[in-house]
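Single-structure report; data block below.
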Amino acid sequence: MTEVVDADQRTMKQAMLDFGRKLRDGADASLFYYSGHGVQARGENYLIPVDASIKDEGELDLQAVDVNPFLNVMEGSASKINIVILDACRNNPFGSSFRSASRG
């Protein structure tokens with residue numbers, strides 16, 4: 001089991017990488033639970049680390065964590081079942097700067 005609390009971007013990405021590697025080593029089932037803030041922009045879903053200071057949509061790829069590549073890692077694992085729970089508020093805290101963001 002891996003637990004990460006109040007993670008910055010580097011810590012989040014490292015924990016997700018480590019988790020994906022454990023799945024490749026063999027697991028009957030996997031569970032990924034995220035509780036925090038998220039944003040959807042340009043059809044992609046991003047998890048927002050505690051150290052992010054995002055001013056506009058163009059900064060998402062640099063400061064947030066795109067969850068889709070991680071979901072692809074889970075899907076490609078040998079796990080018989082993968083469970084993903086994203087308990088993330090998707091209200092847009094950045095005002096009108098995110099044209100494609102919507103309330104979740």
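Position 1 is the first residue of the sequence; numbering continues from there.
Note on L23 and V67: same hydrophobic cluster, where clusters join Ile, Leu, Val, Met, Phe, Trp and Tyr whose side-chain heavy atoms are under 4.5 Å apart, directly or indirectly. Placement of V73 and F19 in two distinct hydrophobic clusters is found when ILVMFWY residues are connected by side-chain heavy-atom separations under 4.5 Å, directly or transitively.
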Tell me which donor-acceptor pairs under 3.5 Å the side chains of residues 76-87 have, and how far apart each pair is, sequence neighbours excluded?
| unit_1 | atom_1 | unit_2 | atom_2 | d |
| --- | --- | --- | --- | --- |
| S77 | OG | M74 | O | 2.8 |
| S77 | OG | S79 | N | 3.3 |
| S77 | OG | S79 | OG | 3.4 |
| N82 | OD1 | S30 | OG | 2.4 |
| N82 | ND2 | M74 | O | 2.9 |
| D87 | OD2 | Y33 | OH | 3.0 |

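Cluster partners of L62 are absent, since no Ile, Leu, Val, Met, Phe, Trp or Tyr has side-chain heavy atoms less than 4.5 Å from it.
Under the rule for a side chain to side chain donor-acceptor pair (under 3.5 Å), N72 has no partner lying at least two apart in sequence or in another chain. Under the rule for a ring-ring contact (aromatic ring centres under 6.0 Å, His included), Y34 has no partner lying at least two apart in sequence or in another chain. Annotation: side-chain contact (heavy atoms from CB on, under 4.5 Å) contacts of V65 (sequence neighbours excluded): Q9, M12, K13, M16, L47, P49. D61 pairs by the side-chain contact (heavy atoms from CB on, under 4.5 Å) definition with R42, Y46, not counting sequence neighbours. Residues passing the side-chain contact (heavy atoms from CB on, under 4.5 Å) test with Q14, sequence neighbours excluded: L17, D18. Taking the side chain to side chain donor-acceptor pair (under 3.5 Å) definition, one finds that T11 meets it with D8, sequence neighbours left out.
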Start with the C-alpha distance between E44 and L60, add both sets of side-chain angles, then the distance that settles side-chain contact (heavy atoms from CB on, under 4.5 Å), and finish with yes or no. CA-CA 10 Å; E44 301 295 327; L60 279 171; over 6 Å; no
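Going from atom CD1 of I48 over to atom CD of Q63 covers 9.0 Å, rounded to the nearest 0.5 Å.
Here the closest non-hydrogen pair linking H37 and A88 is C-CB, 4.2 Å.
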